Structures are given as structure tokens and as C-alpha cells.
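A short worksheet on the structure shown next.
The shown structure was predicted, so the numbers you read here are calculated from the model rather than taken from an experiment.
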Amino acid sequence: MLQSIRTKTASWTVKLLFALLVLSFAVWGIEDVFRGGSTSDIVIKVEDIEIPARQVNERLQSEISTLRQRFGQSLTTEQARQLGLLNTVIDSMATDAVFLAFARDRGIVVTDAMVRAAIADFPVDTMVEGDAYILSDPYTAGGTHVPDIAIITPVFHGGRVIAFAAALAHHQDVGGMTPGSTPTNATEIFQEGLRISPLKLVDAGVYNHRIMRLLRLNVRLPAIFTGDVNAQLAACRIGERRLKELADTLGTDQTVAIFDELLDRSEHLTRAAIRAIPDGEYAYVDFLDNDGVDLDEPVRIEVKVVVAGDSIVFDFAGTSGQVKGPFNCMPSGALCGACFAVRAIGGSDVPTNGGCFPPIELRLPPKSLVNPEEPAPLGCRTATIKRLTGTILGALRQAIPDRLPADSAAQLINIDYGGTVPSHGRFVMTQVLVSGSGASRGHDGVDVIETDATNTGNVPVEAVETDSPLRINTLSLAPDSGGAGEFRGGLGCYQDIEVLEGEITLAYRGERHFSAPAGAGGGLPGALSFAEIHRVNGDVEPIRSKGVVRCVKGDRLVLQSAGGGGYGDPLARSRSAIARDIADGKVTRTQAEQSYMNS
């Protein structure tokens with residue numbers, strides 16, 4: 001029996017409107033490919049007052065952008081600023097849809113579930129001004145893995161709760177069996193770190209130091225943890241203040257009515273975009289390399305997309321069952337991928353909000369990779385979310401082949417380093433390295449870029465070397481890694497990083513070591529990834545996509561991320577483009593002769 005999830009509204013006594021911000025990064029060939037309607041010509045009429053929708057939307061974007069900026073400035077480390085989800089949320093009490101500005105859809109879905117979980121444990125009529133709640137657990141608090149912690153505060157106006165402000169961030173360490181709290185070999189969630197069910201951290205303005213002391217005792221870097229939680233709390237307080245100012249200006253009822261109209265308009269435009277896709281069933285299959293425990297067993301992700309009129313179904317019946325390792329993801333993870341695909345269809349001019357998502361239905365097998373049972377580990381679910389998103393796009397490419405790019409590598413290499421050394425004391429350093437995007441009709445793929453449902457930034461070399469006993473000897477583009485085609489896939493990156501002192505633990509989470517990103521329209525696959533430990537004694541130890549290893553002074557991690565798939569026949573690539581690639585060092589002369597002249 002499949003679990004079926006529809007993103008329709010619920011009949012609640014108290015309903016919610018979510019305004020969410022997360023860091024977003026452009027995906028070449030997606031945002032520019034889909035163009036739908038625009039808010040530029042929409043006039044919202046509420047109680048005989050006409051208000052341009054673009055004006056309201058820009059005001060909301062401005063307010064939420066301020067929250068994001070203040071939130072980022074307040075975080076304690078460069079790692080937190082670049083790697084954190086940095087979601088800031090405003091939830092009004094008018095509707096249960098999700099309102100989002102400047103957002104990545106993964107953040108909408110996750111924060112939606114977490115706010116609902118908080119309200120379930122702490123009913124609105126028990127809240128008072130100055131309250132704040134903290135939560136993270138995937139199974140009881142709506143989260144997706146334990147390092148993502150939310151702070152949620154009610155917003156009072158006119159003596160009642162009119163909204164909620166929330167901030168969600170990925171924390172550098174929340175305990176567990178390895179530094180960084182994303183062990184690739186965990187077999188149950190208890191090994192992944194601190195689980196936080198909804199708790200009241202601040203009661204009527206009084207900070208609960210006992211709760212914070214308990215949390216601090218269970219993390220490796222308590223000062224950094226406390227600073228980042230307080231940054232989240234500060235972001236929520238700014239959100240409260242700004243929303244009150246907006247309600248003072250427009251009036252609460254008027255503000256809510258405007259939000260509702262924007263939601264309705266986004267749904268209308270999204271349904272129109274779905275209607276433009278030919279009705280039918282479209283299937284696609286891709287794989288994760290392994291689950292981090294059974295290293296020789298690929299993990300299958302299969303989706304069947306059913307388009308019927310203005311609605312769309314994503315059926316994962318062919319996907320692998322729940323796995324031993326931490327690559328399971330909650331149903332919200334599958335919804336993240338579906339929401340991304342549907343949001344892309346809507347076009348960049350459509351306000352990104354919950355109105356985009358009512359057409360979606362998910363069908364998820366129970367006790368599967370995308371619908372696991374407790375206590376299945378979930379810490380590395382990002383790799384799964386990214387791959388299933390690419391699988392959805394691959395299925396849709398069969399329906400609209402000229403409008404979607406080749407497969408992106410969709411690889412988010414996560415490396416957690418940790419230990420205790422004389423120069424830094426106890427430290428945890430997390431690096432995220434990305435890969436090449438797929439080429440599309442008319443465009444080469446983008447080199448070393450975030451794609452689909454993730455939103456992290458690069459931690460600068462200087463920050464890595466300042467905050468840890470590591471030296472990056474080389475960080476560069478990886479020549480020849482983009483798939484050949486009339487339009488070349490984006491390049492991956494190459495890195496050589498060395499341990500300078502002591503003994504440390506290194507947890508490496510890779511992908512695309514064994515399954516290359518496919519080309520489209522006659523384009524060739526992108527190059528595979530690899531990772532090796534080069535020991536100080538000269539031995540070389542390959543990492544089979546995932547692994548937790550011990551390293552000592554002089555050991556080096558050498559790796560390369562995958563490239564994106566190519567688009568179109570390589571023989572059709574212009575000679576000027578080939579010459580430019582050779583001059584830029586993106587394609588070697590040997591590879592050019594093999595791929596573009598002898599294909």
C-alpha cells in the first residue's frame with residue numbers, strides 16, 4: 001500500500017501562511033527554460049482597494065531579505081554562514097499554504113512541517129508574547145535530519161497571534177558518532193546526534209537556561225552551538241517586529257487577504273504550466289552509489305510521473321526499500337524534489353509560494369528509501385533528495401525534451417573533519433564541494449555549482465585553513481569532466497587537502513563514483529567522481545563513495561567531483577567553442593580530439 005501525500009490545504013481551526021526565505025542558487029537551464037505568467041500585470045482588489053501585486057511582493061521580499069542578511073551576519077562561523085539553510089519564515093494565521101520569497105523549495109517543505117509540529121505540541125491559545133520554541137527531530141518534530149534546528153516564535157498583534165516567525169539552520173555539530181554529525185556509516189538515528197522534540201526555549205521572554213545547558217552538554221562545540229541558536233532567535237525577533245509594522249500599515253485583515261490572492265494567483269499560473277505538458281506517464285531511473293554501509297549495493301531511485309490536465313503525480317513504487325545506512329529520507333524529502341520540479345515549471349516570474357504546490361500528489365511505498373520507519377538513520381538524506389530531484393527532472397525531460405537540461409551531477413560532497421590538536425584545540429570543520437550542471441539546448445552547463453534542492457555556499461579556502469589544521473594544496477576546475485555535446489556539461493572540481501598536525505577523523509560523503517550523470521539529445525555522460533586517501537607513507541586508499549577514516553599528519557585527501565551531462569551531438573559543437581574550452585583549460589586537446597572529432 002503506497003502512502004499518498006497531497007499538498008492540499010487542511011481544515012484547521014487555526015490555519016497558517018508561511019513566508020520563507022532560504023539562500024538560493026541559480027540552476028542553469030531550469031530557471032531560464034520555464035517562463036510562466038508574471039505578477040507585473042496583477043492588481044489585487046481587496047475591499048474595493050486596488051493594490052499592485054508586484055508592490056506587495058517586493059515589500060515582502062525586502063523584509064525577508066533583511067532577515068536573511070541579519071541572520072547570516074549573526075552566525076558564529078563562516079562554515080555556518082555558508083553551509084546553513086538560513087531559512088527565515090513568517091507564518092500568518094490566515095491560510096495553511098506556504099508563502100515563500102527568494103527561496104529554495106526544500107526550505108518551504110521542511111519549515112512547514114516543523115511549524116506544524118510546534119503548534120501540535122503547544123496550541124496557539126496557550127502561547128504568550130515572548131515565547132520561543134526549539135525543535136529538530138525528523139520523526140517527532142517535522143525535521144529531515146538532526147543538525148537542522150528550528151527556532152519558532154509567535155507574533156502577536158491586537159492581542160492575538162497573527163503569525164509565526166521561524167529560523168531554520170544547519171548546525172555545525174549536534175553530537176553523534178562522528179564530528180559534524182553526519183556519519184556515513186550510521187545504522188540508526190541514535191548514532192547521528194541530539195534529537196530535539198518541540199521544546200519551549202523562551203517562556204514569556206524568560207530564557208530557559210536549563211534546556212540550553214542540556215543541549216550544550218551533547219554537542220562538541222557548545223559555544224558555537226549557543227551562538228548560532230541565539231542568532232536564530234534574533235532573526236525571529238526581527239521577523240516579529242517587521243510583520244507587526246506591516247500589519248500596522250495595511251491592517252491585519254487586509255494583509256492576509258493580499259497573501260491569499262497571491263497564493264491563488266501562483267496556483268493558477270502553476271496549473272497552467274502543468275497543462276502545457278503533454279498528458280501521459282513518464283518514468284526514469286537513477287542510482288545512489290551505495291548506502292554507506294553496504295558499499296557494493298547501489299540504491300535504486302525510480303519515479304513515474306503522471307501528468308493529467310493541471311495536476312501531477314510522482315509515484316516512487318519502484319524505489320529501493322529502506323536502507324541500513326543514513327541515506328533514507330522522510331516523505332518531506334521526496335516532496336522537496338517534487339516541489340522543486342513543479343516550481344521550475346512555473347517560471348521565475350511567478351511568486352514562489354504554497355500556491356505552486358496543490359497540484360502535487362506523492363505516492364510513497366511504506367518502509368522505503370523515501371518513507372522510512374523509525375529508527376532508520378537519515379543524516380545523509382541530502383544525497384537522496386538531490387538524486388530523486390534529478391530523477392523527476394529526467395522523467396519530465398521525456399515529455400518536454402527541449403525544455404529541460406541533461407542530468408546534472410547533482411553531487412554535494414560533504415566532508416566532516418574533527419579532532420583535538422594543539423593549534424586549535426577541539427575543532428570541527430565541514431567542507432561542501434559541488435559539481436557540474438547538465439547542459440541544455442543553447443547553453444553549456446555551469447561549472448561547480450549547486451543544483452536542484454540544495455542551497456549551500458562554498459567555504460572559502462582561507463576559512464578552512466584558519467579554523468582547522470588543514471591545508472588546501474589544490475582547488476581547481478577538473479578538466480575534461482563535463483560531458484561532451486553540442487553544448488558541454490559543466491565541470492566538476494579537483495581538490496588536494498592535507499592534514500598538518502595530530503590525528504583527525506574524516507567522514508566523506510560522495511556520490512557519482514559509479515553512476516555517471518546522463519547526457520541528453522545525443523550528449524555524452526559527465527565524468528565520474530573519485531576520492532583517495534594518500535597516506536604519508538605513500539600508500540593510496542580509494543574511498544568507495546562514502547567512508548569514515550582516521551588521518552594523521554601528512555595524509556592527504558585527493559578528490560574530484562563529477563561533471564554534468566552534455567546536450568546534443570558532440571560533432572555539432574562549434575569549432576570556436578572547442579578552441580575556447582582548450583584555451584581556458586576546461587578541455588584538453590587530447591579529449592577534444594577523442595570526444596568532438598571521433599565521436
> What distance do Leu506 atom CG and Met429 atom CE have between them, rounded to the nearest 0.5 Å?
Replying inline: 12.5 Å
> Can you check side chain to side chain contact (heavy atoms under 4.5 Å, CB included) on Thr389 and Ile392, steps first, answer last?
Replying inline: CA-CA 5 Å; Thr389 303; Ile392 289 171; 5.7 Å; no
> Among Asp148, Ile196, Val146, whose side-chain contact (heavy atoms from CB on, under 4.5 Å) with Val174 holds?
Replying inline: Val146
> Counting N and O atoms only, with roles assigned by atom type, does the side chain of Thr249 sit under 3.5 Å from a partner on the main chain of Glu245, one being a donor and the other an acceptor?
Replying inline: yes
> For the residue pair Pro375 and Tyr139, what are the closest heavy atoms and their distance?
Replying inline: C-OH, 4.1 Å
>> What verdict does the side chain to side chain contact (heavy atoms under 4.5 Å, CB included) test give for Leu362 and Val370, after you've listed the backbone C-alpha separation in whole Å, the side-chain angles of each residue and the deciding distance to 0.1 Å?
In response: CA-CA 10 Å; Leu362 295 181; Val370 291; over 6 Å; no
> Are the side chains of Leu215 and Ile134 in touch, meaning some heavy atoms are under 4.5 Å apart?
Replying inline: yes
>> Quick one, Leu557 with Tyr417, criterion side chain to side chain contact (heavy atoms under 4.5 Å, CB included). Give me CA distance, side-chain angles, the key distance, then yes/no.
In response: CA-CA 11 Å; Leu557 171 64; Tyr417 312 86; 3.9 Å; yes
> Which value, rounded to the nearest 0.5 Å, describes the distance between Thr420 atom OG1 and Arg220 atom CZ?
Replying inline: 10.0 Å
> What do you reckon, is CZ of Arg550 surrounded by more than 12 foreign heavy atoms closer than 6.0 Å?
Replying inline: yes
> Taking it one step at a time, do Cys380 and Asn414 satisfy side chain to side chain contact (heavy atoms under 4.5 Å, CB included)?
Replying inline: CA-CA 9 Å; Cys380 298; Asn414 188 93; over 6 Å; no
> Do Phe225 and Ile149 have side chains that get closer than 4.5 Å, going by heavy atoms?
Replying inline: yes
> Should Asp203 and Asn208 count as side-chain neighbours, where that means a heavy-atom distance under 4.5 Å?
Replying inline: no
> Taking 4.0 angstrom as the limit, do Glu192 and Arg381 come out as a salt bridge?
Replying inline: no
> Which atom pair, heavy atoms only, marks the closest approach of Asn328 to Ser368?
Replying inline: OD1-O, 4.4 Å
> Looking at Ser181 and Gly175, what are the two nearest heavy atoms and their distance?
Replying inline: OG-O, 2.7 Å
> Of all heavy-atom pairs between Met114 and Gly143, which one has the smallest distance, and what is that distance?
Replying inline: CG-N, 3.9 Å
> How long is the span from the CG atom in Asp173 to the OG1 atom in Thr182, to the nearest 0.5 Å?
Replying inline: 9.5 Å
>> For Asp416, run the side chain to side chain donor-acceptor pair (under 3.5 Å) check against Thr184, Thr505, Thr430 and tell me which one passes.
In response: Thr430
> When rounded to the nearest 0.5 angstrom, what distance separates CZ in Arg509 from NZ in Lys546?
Replying inline: 9.0 Å
> Does the Gln191 side chain pair with the main chain of Ala186, one donor and one acceptor, at a distance under 3.5 Å?
Replying inline: no
> Side chains of Asp131 and Val202: does their closest heavy-atom pair fall under 4.5 Å?
Replying inline: no
> Can you name the ring pair (Phe, Tyr, Trp, His ring centres under 6.0 Å) partners of Tyr207, sequence neighbours left out?
Replying inline: His209
>> Strictly distance-based, threshold 3.5 Å: is any side-chain N or O of Gln411 a donor or acceptor partner for the main-chain N or O of Glu511?
In response: yes
> Any side-chain heavy atom of Phe164 sitting closer than 4.5 Å to one from Ile119?
Replying inline: yes
> Closest approach of Val155 and Ala165, non-hydrogen atoms and distance?
Replying inline: CG2-N, 3.9 Å
> What distance do Lys386 atom NZ and Cys336 atom SG have between them, rounded to the nearest 0.5 Å?
Replying inline: 12.0 Å
> Between Cys236 and Ile151, what is the shortest heavy-atom contact and its length?
Replying inline: SG-O, 3.3 Å
> Would you say Arg160's side chain and Asp125's backbone share a donor-acceptor pair under 3.5 angstrom?
Replying inline: no
>> Test your reading of the model: is there a side-chain donor-acceptor pair from His424 to the backbone of Thr466, 3.5 Å cut-off?
In response: yes
>> Are Pro422 and Glu501 packed together at the side-chain level, in the sense that at least one heavy-atom pair is separated by less than 4.5 angstrom?
In response: yes
>> Does Lys324, at its NZ atom, have more than 12 non-hydrogen atoms belonging to other residues, nucleotides or ligands within less than 6.0 Å?
In response: no
> Out of curiosity, Ile504 CD1 to Phe427 CZ, how far, rounded to the nearest 0.5 Å?
Replying inline: 5.0 Å
> Any side-chain heavy-atom pair from Phe314 and Leu335 closer than 4.5 angstrom?
Replying inline: no
>> Can you confirm whether Leu135 sits close enough to Leu199 that some side-chain heavy atom of one is under 4.5 Å from a side-chain heavy atom of the other?
In response: no
> Can you check whether Leu288's main-chain N or O pairs, donor with acceptor, with Arg387's side chain at less than 3.5 Å?
Replying inline: no
> Do Glu450 and Thr454 get their side chains close enough for a donor-acceptor pair, meaning under 3.5 Å?
Replying inline: yes
